[in-house]
Amino acid sequence: MTTHGIDPAALAAALRDFRSAVGAANVFDGEEDRLAYSDHYSPDETRHMPGAAVAPSSVEEVQAIVRIANRHKVPLWPISRGKNFGYGGAAPVLKGSVVLDLSRMKRIEVDRENGTVLVEPGVGFFDLYDHLQKNGIPLWLSVPGNSWGSVAGNALDRGVGYTSYGDHAARICGLEVVLPEGGLVRTGMGAMQGSSTWQLYRNGYGPGWDTMFCQSNFGIVTKLGLWLMPEPETVLGLDFEFDKPDDLGWAIDTIMPLRREGVIQQSPSMGNWLRSAAVMTTREQWTKDKGPLDEKVVTAIRKQFNIGWWSVQVRFFGPAEITEASMKVLRRAFDKKPVLAIKEARWKRGDPPEGSPSSGVPVSFPLANANWHGGRGGHTGYSPVLPPRGDLAMDQFRRTYDLYAKFGMDYHASFAMGDRSLTNVNQILFDRDDPEMMRRVDGFFRALVADAKAKGYGEYRTHIEYMDLVAQTYDYGGHALLRLNERVKDALDPNGIVAPGKSGIWPARYREKKA
Ligand code: ADP
């Protein structure tokens, strides 16, 4: 499905029209441009190589581009900043699509009193952080571990962070969207001309459409409303280290009840030793052997960096009376349990920023994990969702661990505890300069997806290469949901212009070719 040719004459004509719409300087179709917008973490960049890129600076220019694309039937792949590494970066599912790069659109409107922001797609986490700091606005971001992407793109792809605002898609409040035929719509209260509650009340009137534009190809988001956390009076928390792989199960069963009750309001993410180590060291510093990692090596790395086999951070945000009381409840829950080490974290208003994602400060050092194997590194994410039970997490861990071993890869995983679910985020770290290793990655990924499917677990997000594969696992009623998505797609996008293949949703004309 990834290799349908785009008619070269149609592309050339569209590029001519794009140039007159947005200026030649904002249309990129050289070999180096295509490479710049390709997926730098993929085993084979050519499979999803874009045909060109175009970078508008306003909503009107986005609409003009969409109308041109419809005229020439040339597909567009919208990106905000295109840093979605592990899931495809800036690259499209369908080879030859034109990347619609929205990174020049960088307007920020903060409602200081109500704690909301309206961002254009090009606003990065660092941009918004700087804006808040520079203007002395006491609002905090929730940032993903690696924060060099955009606020809007990350929320639209259901990215996550570590504060109590960490479910980014759940904090969206109101969108402005260019529809696939070029029309413009505002969702929620923004549907009323002159509304003063667009970013304040999520439901609007009638059906709500914000989630319809997440992980979808139903429109191009040009403004996104988001709730921000008022700067808390205190942040308190505990960092736990655990000694043994088997500690995962009981630790989850200890934390989850507090999560469900709302004592803990962020999603603690319990990660294995490699999650911590891969950003601080490289494999080569410990062993020259390319085979499975010896437990002795693992122990030596853990000792050097003082990390458990698993570790998890829990954080509370708010007035001191509340966070202190919550800490007591957390300590009581872990009383007499075999924890390897516990460290307390304390921050109060006026202290220098903690400098970490758990206090909403953007960072990019986690990118270093691509260096683990050396060479031109990269990774792919595999992230099934489980019921929040320790025994199921242990079972998931053991099966996945065995598959990592079978395919000769180093286990790198975490379990993020949501209000009612566990998301098991696994990274497959690789060296793109090691062809033998790269040959194993595809089979490994497919084995992981099949393994989760056999347990009835689906993934929350996936790489562009596997969007069809994962969509196929959502098979209730003979893929009834996929058929619904296709009907909506065909109604909104009859020419199949916006992101064909995103989340496994193909417009009619590509489905027909496939058939
Ligand atoms: P980031 O800027 O955080 O790196 P990306 O720009 O890579 O995020 O976007 C992540 C994914 O979300 C993209 O692959 C794209 O499918 C989708 N997306 C991003 N921005 C938009 C947008 N403005 N409208 C519609 N979909 C978008």
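Counting convention: from 1, in listed order, for ligands and their atoms alike. This chain uses plain numbering: 1 for the first residue, then up along the sequence.
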Chemist: Pro78: heavy atom below 4.0 Å from ligand 1, yes or no?
Modeler: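 Contact present.
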Chemist: Can you tell me which residue and heavy atom of the protein come closest to atom 17 (C) of ligand 1, and the distance to 0.1 Å?
Modeler: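 That would be Lys502 NZ, 3.9 Å.
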Chemist: Not counting sequence neighbours, list each pair that qualifies as a salt bridge (charged side-chain N to carboxylate O under 4.0 Å, His left out) and has a residue in residues 414-432.
Modeler: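 Listed by first then second residue: Glu45-Arg432, Arg259-Asp419.
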Chemist: Ala90 near ligand 1, heavy-atom distance under 4.0 Å?
Modeler: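 Outside the 4.0 Å threshold, so no.
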Chemist: Side chain or backbone of Gln215 under 4.0 Å from ligand 1, or both, or neither, by non-hydrogen atoms?
Modeler: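 The answer is neither; Gln215 stays 4.0 Å or more away.
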Chemist: Just need the protein heavy atom nearest to atom 10 (C) of ligand 1, so name the residue and atom and give the distance.
Modeler: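 Here the closest protein heavy atom is Asn84 ND2, 3.5 Å.
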Chemist: Report the member of Gly122, Ser150, Cys214 with the shortest heavy-atom distance to atom 2 (O) of ligand 1.
Modeler: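 Closest candidate by heavy-atom distance is Ser150.
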Chemist: Tell me which protein heavy atom sits closest to atom 4 (O) of ligand 1, plus the residue, atom name and distance to 0.1 Å.
Modeler: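 Looking at atom 4 (O) of ligand 1, the protein heavy atom closest to it is Lys83 N, 2.5 Å.
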Chemist: Are any of the N/O atoms in Arg81 less than 3.5 Å from those in ligand 1?
Modeler: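 Yes, there is a polar N/O contact under 3.5 Å.
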Chemist: Just verifying a value: how many Å separate Phe415 CZ and Gln396 CD, rounded to the nearest 0.5 Å?
Modeler: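 Here the interatomic distance stands at 5.5 Å.
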Chemist: Run the salt-bridge test on Arg81 and Asp101 with the 4.0 Å N-O cut-off and return the result as yes or no.
Modeler: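 The answer is no: the pair does not qualify as a salt bridge.
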Chemist: Among all protein heavy atoms in this structure, tell me which lies nearest to atom 22 (C) of ligand 1, with the distance rounded to 0.1 Å.
Modeler: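 Here the closest protein heavy atom is Leu156 CD1, 3.6 Å.
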Chemist: Salt-bridged, Arg202 to Asp210, with N to O below 4.0 Å?
Modeler: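 Salt bridge flag = no for Asp210 with Arg202.
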Chemist: Quick one: nearest non-hydrogen protein atom to atom 6 (O) of ligand 1, plus distance?
Modeler: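 Closest protein heavy atom to atom 6 (O) of ligand 1: Ser80 N, 2.7 Å.
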Chemist: Report yes if Val221 has an N/O atom closer than 3.5 Å to an N/O atom of ligand 1; otherwise report no.
Modeler: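 Such a contact does occur with ligand 1.
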Chemist: What about the rings of Phe430 and Tyr41, do their centers lie closer together than 6.0 Å?
Modeler: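 Ring centres of Tyr41 and Phe430 not closer than 6.0 Å.
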Chemist: Does Ala499 come within less than 4.0 angstrom of ligand 1, counting non-hydrogen atoms of the residue?
Modeler: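 No; Ala499 lies far enough from ligand 1 that no heavy-atom distance drops under 4.0 Å.
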Chemist: What are the atoms of ligand 1, with element, lying closer than 4.0 Å to any heavy atom of Ile220?
Modeler: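 Close to Ile220: 24 (N).
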Chemist: Between Arg19 and Asp29, is the closest basic N to carboxylate O distance under 4.0 Å?
Modeler: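 Salt bridge between Asp29 and Arg19, a charged N being under 4.0 Å from a carboxylate O: yes.
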Chemist: If you count the atoms of ligand 1 from 1 in the order shown, which ones are under 4.0 Å from a heavy atom of Leu102?
Modeler: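 Those atoms are 23 (N).
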Chemist: Consider ligand 1: state whether an atom of it lies below 4.0 angstrom from any non-hydrogen atom of Gly219.
Modeler: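 Gly219: in contact with ligand 1 (<4.0 Å).
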Chemist: Any donor-acceptor pair under 3.5 Å linking the side chain of Asn424 with the backbone of Ser414?
Modeler: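 Judged by distance alone, yes, a pair lies under 3.5 Å.
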Chemist: Taking only heavy atoms of Gly89 into account, list the atoms of ligand 1 that are under 4.0 Å away from them.
Modeler: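 The list of qualifying atoms is 7 (O).
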Chemist: Could you tell me whether ligand 1 has any atom less than 4.0 Å away from a heavy atom of Phe213?
Modeler: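 Distance cut 4.0 Å: Phe213 fails for ligand 1.
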Chemist: Whether Arg315 engages the ring of Trp347 as a cation-pi pair (distance to the six-membered ring centre under 6.0 angstrom, angle to the ring normal within 45°) should be assessed.
Modeler: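 The answer is no; the distance or angle limit is not met.
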Chemist: Main chain of Gly374, side chain of Asn371: is a donor-acceptor contact present, judged purely on distance under 3.5 Å?
Modeler: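 No; judged by distance alone, with no hydrogens or angles, the pair does not exist.
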Chemist: Is it the case that ligand 1 has an N or O less than 3.5 angstrom from some N or O of Gly82?
Modeler: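 N/O-N/O distance under 3.5 Å: yes.
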Chemist: Would you please indicate if the ring centroids of Trp148 and Phe85 are separated by under 6.0 Å?
Modeler: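 Yes, they do, as the ring centres are separated by less than 6.0 Å.
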Chemist: I want to check a possible cation-pi pair here: Arg440 against Phe407, using under 6.0 Å from ring centre and within 45° of the ring axis as the test.
Modeler: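 Pair Arg440/Phe407 does not count as cation-pi.
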